[in-house]
Amino acid sequence: GYRVSLQGKFFGRNQTYVTFPEYNPREHIKLDPPLNIQSNATASKCQIWWSVPWYLAEILQYELQYKEYSVSWEIALNKTLSSSLPQIEIEATELRSGITYIARVRCKVSENEDSYHSQWSEWSQTTVFQKAGVPKLSEKILNTRTMQFLFIPLSFVTLLYLFWNCKLSSRYCCSLTSGQKASPALTFPRQLLSFIHSIICTMGILR
């Protein structure tokens, strides 16, 4: 260790004050803050990561601070990471939809490290993120509307086809002798009603 003293002239006399009888630089380190903090927010979570010098990566611990963009850092939320990995995930349940958040991180030598001790670094630059919306509902609505637009003209064409078959069947039945069956023309109304019923049910489901 080192002995740190302070010398000065006080009241006309030179005096020496010992401030640190044993000073060990390894126990008084203040690191530079992490660099290149970035974020990626989805509907389920927000990932935040940063970079530090490779030779320090395994002995550091981190503290993340994040808040709503419009409020003061004094009421920000803090997360101390248990892992030495330079990344963290924030669950979507901890974030509000439509709100912009800002985050920063700082580091120090891990308390589990015996060789070095340090203070917290200054806070890093910030990253801004926002909880992503859930697109599934809008996609479902879009797909439903598309199906409706496709189903209506197809149903109309099918109805025209059935009416045309009915007309042909009726003409054919008129040319038959009285001893022959006329089942196509007789069964058509029942088939038509069944088809219309299926259309109504399908449209109700699509809504």
Item to check | Criterion side chain to side chain contact (heavy atoms under 4.5 Å, CB included) on Val105 and Gln65, from CA distance to verdict | outcome: CA-CA 6 Å; Val105 67; Gln65 193 174 58; over 6 Å; no

Item to check | Candidate pair Glu63 and Lys108, rule salt bridge (charged side-chain N to carboxylate O under 4.0 Å, His left out), full reasoning | outcome: CA-CA 9 Å; Glu63 183 178 33; Lys108 72 174 185 176; over 6 Å; no

Checklist entry - Would Lys79 and Ile88 count as a side chain to side chain contact (heavy atoms under 4.5 Å, CB included) if you check the C-alpha gap in whole Å, the side-chain angles of each, and the deciding distance to 0.1 Å? => result CA-CA 9 Å; Lys79 284 181 175 289; Ile88 189 175; 3.8 Å; yes

Item to check | Verdict with reasoning, Leu95 to Cys46, per side chain to side chain contact (heavy atoms under 4.5 Å, CB included) | outcome: CA-CA 9 Å; Leu95 306 173; Cys46 175; 4.1 Å; yes

Item to check | side chain to side chain contact (heavy atoms under 4.5 Å, CB included) between Tyr69 and Thr126, intermediate numbers included | outcome: CA-CA 11 Å; Tyr69 192 86; Thr126 58; over 6 Å; no

Next on the checklist: Please evaluate residues Tyr62 and Gln87 with respect to the criterion side chain to side chain donor-acceptor pair (under 3.5 Å), reporting the C-alpha separation (whole Å), side-chain torsions for both, the decisive distance (0.1 Å), and the verdict.
Outcome noted: CA-CA 9 Å; Tyr62 306 97; Gln87 62 183 37; over 6 Å; no

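Contact annotation: the side chain of Trp49 approaches that of Asn40 to within less than 4.5 Å [non-hydrogen atoms, C-beta and beyond]. By the 4.5 Å heavy-atom criterion applied to side chains, Leu64 and Ile48 are counted as neighbours. At a threshold of 4.5 Å between non-hydrogen side-chain atoms, the residues Ile102 and Lys67 count as touching.
Atom CZ in Arg106 sits 8.0 Å away from atom OG1 in Thr80 (nearest 0.5 Å). Note that the OG atom of Ser84 and the CG atom of Leu56 stand 11.5 Å from one another [nearest 0.5 Å]. Between atom OG of residue Ser97 and atom CD of residue Gln130 there is a gap of 8.5 Å, rounded to the nearest 0.5 Å. For the atom pair CG (Asn36) and OG (Ser124), the distance works out to 10.0 Å, reported to the nearest 0.5 Å. Taking CD1 of Ile90 as the reference point, atom NZ of Lys131 lies at 12.5 Å (rounded to 0.5 Å). For the atom pair OG (Ser110) and NE2 (His117), the distance works out to 10.0 Å, reported to the nearest 0.5 Å.
Other residues, nucleotides and ligands contribute only 12 or fewer heavy atoms inside 6.0 Å of the CD atom of Glu58. Remark: Asn78 CG is packed, more than 12 non-hydrogen atoms of other residues, nucleotides or ligands lying under 6.0 Å away.
For Lys30 and Trp120, the positive end is not near the middle of the six-membered ring at less than 6.0 Å and at most 45° from its axis.
Closest non-hydrogen pair, Ala103 versus Phe129, comes out as CB-CE2, 3.8 Å. Annotation for Leu31 and Leu60: closest pair CD1-CD2, 3.3 Å, computed over non-hydrogen atoms. Among all heavy-atom pairs drawn from Tyr101 and Glu94, the shortest one is OH-O, 4.3 Å. Across Glu68 and Ile99, no two heavy atoms sit closer than the pair CG-CG2, 3.6 Å. The two atoms that bring Val128 and Ser39 nearest to each other are O-OG, 3.5 Å, heavy atoms only. Between Leu85 and Trp50, the shortest heavy-atom contact is O-CZ2, 4.3 Å.
Put simply, the side chain of Ser118 gets close to the backbone of Val109: a donor and an acceptor are under 3.5 Å apart. In terms of modelled atom types and a separation under 3.5 Å, the side chain of Gln61 and the main chain of Leu81 share no donor-acceptor contact.
Tracing side-chain contacts under 4.5 Å through hydrophobic residues (I, L, V, M, F, W, Y), one reaches Tyr55 starting from Tyr116; they form part of the same cluster. Linking ILVMFWY residues whenever their side-chain heavy atoms come closer than 4.5 Å, directly or via other members, places Trp54 and Ile29 in the same cluster.
For Lys45 and Glu89, the salt-bridge test passes: some basic side-chain N is under 4.0 Å from an acidic carboxylate O. Ion pairing of Glu122 with Arg104 is absent here, as no side-chain N (NZ or NE/NH1/NH2) approaches a carboxylate O to less than 4.0 Å.
When each of Ser121, Ser51, Pro86 is tested with Pro34 by the rule side chain to side chain contact (heavy atoms under 4.5 Å, CB included), just one qualifies, namely Ser121.
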